[in-house]
Q: 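My questions will all concern the structure given below.
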Amino acid sequence: MNNAIDETHDPARTSWVASAQGHGEFPIQNLPLGIFSPAGGTPRGGIAIGNSIFDLKAALDAGLFSGEAERAAQAAAGATLNPLLALGSTPRRALRRRVSALLDAAGAERAKLEALANKILHDAADCTLHLPAAIGAYTDFFAGIYHAENAGKRQKKDPPLTPNYKYVPVAYHSRASSVLVSGAPVRRPHGQRLLGTDTTPSFGPSVKLDFELELGVWIGPGNALGEPVPIARAGERVAGLCLLNDWSARDVQRWESQPLGPFLAKNFTTTVSGWIITAEALAPFRIAQPPRPAGDPAPLDYLFDEADQRSGAFDIELEALIMTPGLREKKLSPQRLALSNTRHLYWTVAQMVAHHTCGGCNLAAGDLFGSGTISGPDRSGYGSFAELSSEGMQPLTLVSGERRAFLEDGDELLLRAHARRDGCVAIGFGECRGTIVAAA
Ligand code: MN
């Protein structure tokens, strides 16, 4: 990834779009990319700024871009961002710098922009967000080490991690067709499950419907089949990040995943937040990959790069919250289930890319990775009900008095993420939410 800090990160920069000042998610230092439809309009590329969306097509039509930024804006004017993602970081960064200058409260063209505001800005509340890209393929990793350890402990494995875990960034190929954008309802799936003490399966709605708190990774420029991406160049393939909820039917999963990995337990729906938080916006929030505990093996050479170890990880706070019918009835706020951080990933995003391609697999612009559930080291950071309720054996009691071992119909699960650092303006990811609706 491009870690350069420039004027777009300047904490002193403010926007003439008033709602951007102090905005918890989208201050002028963020400028995330997405696909939206204004009321009565067709899908097109946009950039979130405060409570508004900057319309890249309208700005292009108004002649506000030239050079590399114009190339990027043209690639973002259609119904998906795949063409922009394919261009890589140079045009994307040029677009960011130009839009930041256009929205700058102290910008030279402020008066002209304000006169155009009714054409190039839309109230986000009046717009519909879509998936930012047509997703060709979606891969889900297992890089949250506490989640992986907790899964092993529940299965009484000693040691809890399988011997490959610290060598291989474990993953499975998941399902792209059922990835939905935040806000779409999530239908409880049917499947084969073992109920209670049954020894033979029955078919019916999942009774152990779960969420997974994950980081999503949007792939930028792809690689040709048969040409692995070396670890030192792997970060350049990452266009940006989002939140990802890998909804999971645990009862279906336990029965079907023998000996192969998740199938119907995971393929009914995955929800992502709608905005791509670009690699450029995240530059101030890069950190060193936390050192491996003594006794852990070093990554094999094809997964090791000095620069990646020095600055390839992220410091992003992650939250999972639940809103239930009972909380809603009592006019209570969503209740936090977990507070975690991307520091708890055992592998960097570049290592995921290098590993995914090391055998020659080709990635394409708009492909999506999930990081794996990012749990913290103790219960306050557990990113799934399987961990929070010990597979349902210890249900949680919510402040409404309701008990939850897994998700019930009518429950809404909400993921949030924020990157904060002294001397920087904090940025957010927007929301990743979904409400469970009854099985068909
Ligand atoms: Mn997952």
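Numbers here are sequence positions counted from 1.
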Q: Counting only heavy atoms not in Asp301 (residues, nucleotides, ligands), do more than 12 fall under 6.0 Å from its CG?
A: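 12 or below, so no.
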Q: Does the side chain of Gln351 reach to within under 4.5 Å of the side chain of Ile231, using non-hydrogen atoms?
A: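 Heavy-atom side-chain distance check passes, below 4.5 Å.
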Q: Give a yes or no on whether the backbone of Tyr302 and the side-chain of His355 come within a donor-acceptor separation of less than 3.5 Å.
A: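 Not a single qualifying donor-acceptor pair exists.
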Q: Asp104 and salt bridge (charged side-chain N to carboxylate O under 4.0 Å, His left out): which partner among Arg98, Arg97, Arg13?
A: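 When Arg98, Arg97, Arg13 are each tested with Asp104, the salt bridge (charged side-chain N to carboxylate O under 4.0 Å, His left out) holds only for Arg13.
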Q: Quick one: do Leu368 and Val179 satisfy side chain to side chain contact (heavy atoms under 4.5 Å, CB included)? Show the steps, please.
A: CA-CA 10 Å; Leu368 177 68; Val179 178; 4.1 Å; yes
Q: Strictly distance-based, threshold 3.5 Å: is any side-chain N or O of Arg110 a donor or acceptor partner for the main-chain N or O of Leu103?
A: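 Checking the backbone N and O of Leu103 against the side chain of Arg110, no donor-acceptor pair under 3.5 Å is found.
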Q: Ring centres of His147 and Tyr382 under 6.0 Å apart?
A: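 That pair fails the under 6.0 Å test.
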Q: Report yes or no: do Glu319 and His418 form a side-chain donor-acceptor pair below 3.5 Å?
A: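 Their side chains do not contain a donor-acceptor pair, so the 3.5 Å distance test is not met.
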Q: From Asp140 CG over to Asp246 CG, what is the distance, rounded to the nearest 0.5 angstrom?
A: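 Going from the CG atom of Asp140 to the CG atom of Asp246 covers 4.5 Å.
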Q: Here's a test for you: under ring pair (Phe, Tyr, Trp, His ring centres under 6.0 Å), which of Phe141, Tyr138, Tyr172, Phe142 qualifies with Phe369?
A: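 Result for ring pair (Phe, Tyr, Trp, His ring centres under 6.0 Å) with Phe369: Phe141.
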Q: Distance under 6.0 Å and angle within 45° of the ring axis: does Arg92 meet both against Trp218?
A: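 Arg92 over Trp218 ring: no.
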Q: Hey, does the side chain of Ser178 reach the backbone of Asn267 with a donor-acceptor pair shorter than 3.5 angstrom?
A: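 Looks like yes, one N/O pair under 3.5 Å.
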Q: Is the closest side-chain heavy-atom distance between Pro132 and Leu33 below 4.5 Å?
A: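 When only atoms from C-beta onward are counted, Leu33 and Pro132 do not touch, as no gap falls below 4.5 Å.
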Q: Using salt bridge (charged side-chain N to carboxylate O under 4.0 Å, His left out), reason through Arg93 and Asp6 one step at a time and then give a plain yes or no.
A: CA-CA 10 Å; Arg93 185 153 175 265; Asp6 59 30; 3.0 Å; yes
Q: Hey, is CZ on Arg420 packed in by over 12 heavy atoms from elsewhere, all under 6.0 Å?
A: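 For Arg420, atom CZ is crowded (more than 12 foreign heavy atoms under 6.0 Å).
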Q: Quick one: are Val170 and Asn164 in side-chain contact, heavy atoms under 4.5 Å?
A: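 Side-chain contact under 4.5 Å: yes.
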Q: Could you tell me if the side chain of Gln29 sits less than 4.5 Å from the side chain of Thr8, heavy atoms only?
A: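 SC-SC contact between Thr8 and Gln29 ruled out.
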Q: Could you measure the distance from the CZ atom of Arg403 to the OG atom of Ser400? Nearest 0.5 Å is fine.
A: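 Output value for this atom pair is 12.0 Å.
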Q: What class does the angle between the rings of Phe211 and Phe385 fall in, given that below 30° is parallel, 30 to 60° is tilted and above 60° is perpendicular?
A: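 Because their plane-to-plane angle is over 60°, the rings of Phe211 and Phe385 count as perpendicular.
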Q: What heavy-atom pair brings Ala417 and Glu25 nearest, and what distance separates the two atoms?
A: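 Smallest heavy-atom distance, with atoms named: O-OE1, 4.3 Å.
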Q: What I want to check is whether the side chains of Ser384 and Glu212 have a donor and an acceptor closer together than 3.5 Å.
A: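 Side chains of Ser384 and Glu212: no pair found under 3.5 Å.
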Q: Would you indicate whether Phe304, at its atom CZ, is surrounded by more than 12 heavy atoms from other residues, nucleotides or ligands within a distance under 6.0 Å?
A: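 For Phe304, atom CZ is crowded (more than 12 foreign heavy atoms under 6.0 Å).
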Q: Testing the basics here: between Pro284 and Arg421, what is the closest heavy-atom pair and its distance to 0.1 Å?
A: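 Closest approach of Pro284 to Arg421, heavy atoms only: O-NH1, 2.7 Å.
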Q: For the pair Thr324 and Arg404, evaluate side chain to side chain contact (heavy atoms under 4.5 Å, CB included) and give the outcome as yes or no after the intermediate values.
A: CA-CA 10 Å; Thr324 63; Arg404 284 294 181 276; 3.8 Å; yes
Q: Within the 3.5 Å criterion, strictly below it, is a donor on Ser375 or His344 matched to an acceptor on the partner's side chain?
A: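 Side chains of Ser375 and His344: no pair found under 3.5 Å.
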Q: Test your reading of the model: is there a side-chain donor-acceptor pair from Asp55 to the backbone of Ala58, 3.5 Å cut-off?
A: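 Here the side-chain-to-backbone pair exists.
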Q: Taking Arg433's backbone N and O only, do any of them form a donor-acceptor pair with Thr271's side chain (distance below 3.5 Å, no angle check)?
A: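 Not a single qualifying donor-acceptor pair exists.
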Q: Just by distance, with hydrogens left out, do Ser248 and Lys266 show a side-chain donor and acceptor under 3.5 Å apart?
A: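 Per modelled atom types, Ser248 and Lys266 side chains form a pair under 3.5 Å.
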Q: Any sub-3.5 Å donor-acceptor pair from Gln309's side-chain atoms to Glu306's backbone N or O?
A: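 No; zero donor-acceptor contacts below 3.5 Å.
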Q: For residues Ile374 and Asn341, determine if any side-chain heavy atom of one lies less than 4.5 Å from a side-chain heavy atom of the other.
A: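 Side chain of Ile374 against side chain of Asn341, heavy atoms only: no contact under 4.5 Å found.
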Q: When you check the gap from the basic side-chain N to the acidic O, do Glu114 and Lys112 get nearer than 4.0 Å?
A: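 A salt bridge is absent here (no side-chain N lies under 4.0 Å from a carboxylate O).
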Q: Can you spot which of Ile120, Asp126, Ile47, Val17 makes a side-chain contact (heavy atoms from CB on, under 4.5 Å) with Ser52?
A: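 The single option meeting the side-chain contact (heavy atoms from CB on, under 4.5 Å) with Ser52 is Val17.
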Q: With a 3.5 Å distance limit and no angle check, can you tell me whether Ser371 reaches the backbone of Leu215 through a side-chain donor-acceptor pair?
A: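 Answer holds: yes.
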Q: Any sub-3.5 Å donor-acceptor pair from Arg188's side-chain atoms to Ser206's backbone N or O?
A: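 Yes.
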Q: Quick one: is the NZ or CZ of Arg343 closer than 6.0 Å to the six-membered ring centre of Phe314, and within 45° of its axis?
A: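 Checked: cation-pi criterion not met.
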Q: Quick one, Pro38 and Arg44 - any side-chain contact, counting heavy atoms below 4.5 Å?
A: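 Side-chain contact under 4.5 Å: yes.
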Q: Test side chain to side chain contact (heavy atoms under 4.5 Å, CB included) on Gln21 and Ser15 and set out the steps.
A: CA-CA 7 Å; Gln21 267 61 262; Ser15 176; 4.0 Å; yes
Q: Looking at every non-hydrogen atom in both residues, tell me the closest pair between Ile276 and Gly240 and how far apart they are.
A: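 In this case the closest contact between Ile276 and Gly240 is CG2-CA, 3.9 Å.
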Q: So, Thr342 side chain and Ile316 main chain: donor-acceptor pair closer than 3.5 Å or not?
A: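 It does hold such a pair.
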Q: If you round to the nearest 0.5 Å, how far is CD1 of Ile49 from CG of Asn30?
A: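 Here the rounded value is 8.5 Å.
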Q: Roughly how far apart are Gln289 CD and Asp305 CG, rounded to 0.5 Å?
A: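 That separation rounds to 12.5 Å.
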Q: Between the side chains of Asp308 and Thr348, does any donor sit under 3.5 Å from an acceptor?
A: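 Judged by distance alone, the side chains do pair up.
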Q: Can you see which heavy atom on Asn223 is nearest to which on Asn362, and at what distance?
A: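 Residues Asn223 and Asn362, closest heavy atoms: O-CB, 3.1 Å.
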Q: Please test Leu209 against Asp409 for side chain to side chain contact (heavy atoms under 4.5 Å, CB included), starting from the C-alpha separation and ending with a verdict.
A: CA-CA 10 Å; Leu209 184 53; Asp409 293 346; 5.8 Å; no
Q: Around atom CZ of Arg292, are there more than 12 heavy atoms from other residues, nucleotides or ligands closer than 6.0 Å?
A: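 Correct, the count exceeds 12.
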Q: For the atom pair CD1 (Ile53) and CZ (Phe36), what is the distance rounded to the nearest 0.5 Å?
A: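 Reported value, rounded in 0.5 Å steps: 5.5 Å.
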Q: For the residue pair Trp275 and Phe429, what are the closest heavy atoms and their distance?
A: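 Looking at all heavy atoms of both residues, the closest pair is CB-O, 4.5 Å.
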Q: Hey, are the side chains of Tyr346 and Asp296 touching, using non-hydrogen atoms and a 4.5 Å cut-off?
A: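 They are in contact (side-chain heavy atoms under 4.5 Å apart), so the answer is yes.
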Q: Rounded to the nearest 0.5 Å, how far does CG of Asp411 lie from CG of Leu413?
A: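 Here the rounded value is 8.5 Å.
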Q: Give every donor-acceptor pair under 3.5 Å between a side-chain atom in residues 64-78 and any protein atom, sequence neighbours left out.
A:
none

Q: Taking the side chain as every heavy atom from C-beta outward, state whether Leu243 and Val272 have any atom pair closer than 4.5 Å.
A: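 Not touching, per the 4.5 Å side-chain cut-off.
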Q: Looking only at non-hydrogen atoms, find the nearest pair between Ala338 and Gly381 and report the distance.
A: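 Closest heavy-atom pair between Ala338 and Gly381: CB-C, 3.9 Å.
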Q: So, does Asn150 use its side chain to make a donor-acceptor pair with the main chain of Tyr146 at under 3.5 Å?
A: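 Here the side-chain-to-backbone pair exists.
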Q: Excluding sequence neighbours, so at least two apart, what forms salt bridge (Lys or Arg N to Asp or Glu O under 4.0 Å) with Glu387?
A: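 For Glu387 there are no salt bridge (Lys or Arg N to Asp or Glu O under 4.0 Å) partners, ignoring immediate neighbours.
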